[in-house]
Amino acid sequence: MITTDVLIIGAGPTALFAVQQLGLIGLKAEVVDNLDKVGGQCSELYPDKPIYDIPAIPECTGETLTKNLMKQIEPFNTNIHLNERVDQLAKEGTKWKITTNRKKVFIASSIIIAGGVGSFEPRKFPLKKAEKFEDSGVFYSIKDKKYFDKKKICIFGGGDSALDWSIELSKNSKVVLVHRRSEFRGTPKNVETVKKLEKDGKIQIETPYQINSIEGDDKIKAITIKDDEGKIKKIDVDYILGFFGLVMKLGPIAEWGLNLDKKHIPVSTENFQTDKEGIFAIGDICTYPGKIKLILSGFHEGALAARGCFKLARPNEKYRHEFTTTSKTIHERLGKKKS
Amino acid sequence: MAKITYIEHTNKKHIVEVPNNMSVMEGAVQNNIPGIDADCGGSMACATCHVYIDEKWFDKFKKKDEGEEDMLDMAYQPNKFSRLSCQLLVSDELDGLILRMPSKQG
């Protein structure tokens, strides 16, 4: 069990800046994120795309922004629990008890939900039967590639995950690569390698096709694929793999009894508290009149939510606003020596 | 201003007037039309505003750029009339536009 002042759900830019704002006013935060890295949408959706509307930073990529935010929160030695999803919240006296899918338990006086649009999950095949075979014949990631040795495999997708695994698995297995159009969006090197492997008869490429059906009862025997004109082809397979990127699902957040407006959490703009005391929401996931989904707005929301958290974490202290330019206390918290 | 018909996969129709220079995605979201999620808010990063443009209207739009085509790889059941509605700007020429929405977005 980990006791902290604030538990932050999400590790995107808004969450990371909230860590800094909490740290400046002397509050300790723990961060939990479902992804395997920090940065949220910045890292997952557009790491290389430039962002032009961060104040005083004319241009930077999602990756650089994340790196800089991590640098900015370094003094606070914050624990970031990755690959972990917050599943349950329960009130315990005046505090909140938070449990993750890995059964880690946190006790905190406040929770800040900075969950973007929920957690990222792999996009799946649009077939009912794909659900039935998930993790036995249908996969969206590979944990142990030996499992696929000497099998007939069909890989769907046009990005680097699909290409990387086609190249890798073709060493020991029969691979068919299926994509909805004839252009692949992977790196030129990967595309070249796959085309060469096709020429050498190591990989079979089928474009422009999409999955149409899965055949087999207790295991997959074959699939059919279909093009835009309705032409259908049958392929004998043991396993199918789909690499269609990630989709955001609200997930467990929807089950915490919070007031929701579609996929968003309404908050008060005074401190970004939700309808439950001690639960705050900032960034893309919160909504209020005039809300815009900007990283900039998320920073502001985090700053105000941090002050809201202070009242609950230090009920007997009066919050005093101090500036980073002049406050000795803040300088100590940042590990800056007196000049 | 353009009158746009958004058709859900159940065939339920929503006809709304959308001001010029708004995206077709925003036209749906601001009118509470279900079927377009637009999780990323229109930054062409999520493919959850995927729509099928009516055949007669498809060529009236500017061609997809590469980024949009890349995102459509991830959309739910795309076909040759697929577009991301966040990339389609409304103008007077689109008055009467008809589009359909997929059965789900992710």
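Order of the sequence lines sets the chain letters (A, B, ...), proteins ahead of strands, with each chain counted from 1. The structure displayed is predicted, hence computed values, not measured ones.
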Quiz item: CD of E192(A): more than 12 outside heavy atoms within 6.0 angstrom?
Solution: no
Quiz prompt | Full working for side chain to side chain contact (heavy atoms under 4.5 Å, CB included) between R180(A) and N79(B) | solution = CA-CA 8 Å; R180(A) 61 172 272 266; N79(B) 69 22; over 6 Å; no
Quiz item: Contact part of Q105(B) toward chain A, heavy-atom cut-off under 4.5 Å: side chain, backbone, both or neither?
Solution: backbone
Practice problem: Sort out for me which of D39(B), D73(B), D70(B) touches chain A most, counting heavy-atom pairs under 4.5 Å. | Solution: D73(B)
Quiz item: Would one find more than 12 heavy atoms of other residues, nucleotides or ligands at under 6.0 Å from atom NZ of K49(A)?
Solution: yes
Practice problem: Verify side chain to side chain contact (heavy atoms under 4.5 Å, CB included) between K80(B) and R181(A), making sure each step is shown before the conclusion. | Solution: CA-CA 10 Å; K80(B) 60 183 172 183; R181(A) 56 185 170 124; over 6 Å; no
Self-check item: Winner by heavy-atom pair count (cut-off under 4.5 Å) against chain A, out of E66(B), E69(B), K104(B)
Solution: E69(B)
Quiz item: Minimum heavy-atom separation for C40(B) to M248(A), with atom names?
Solution: N-CE, 4.4 Å
Quiz item: Quick one: SG on C46(B) to CD on E44(A), what's the gap to the nearest 0.5 Å?
Solution: 13.0 Å
Quiz item: Should the heavy atoms of other residues, nucleotides or ligands under 6.0 Å from NZ of K129(A) be counted, would the total exceed 12?
Solution: yes
Quiz item: Quick one: what part of P34(B) sits under 4.5 Å from any heavy atom of chain A, side chain, backbone, both or neither?
Solution: neither
Practice problem: Please determine, among V117(A), I292(A), V247(A), I211(A), the option with the most heavy-atom pairs under 4.5 Å with chain B. | Solution: V117(A)
Quiz item: Donor-acceptor pair, Q210(A) side chain versus Q77(B) backbone, under 3.5 Å?
Solution: no
Quiz item: For the atom pair CD (Q41(A)) and OG (S43(B)), what is the distance rounded to the nearest 0.5 Å?
Solution: 7.0 Å
Quiz prompt | Region of D37(B) that comes under 4.5 Å of a non-hydrogen atom in chain A | solution = side chain
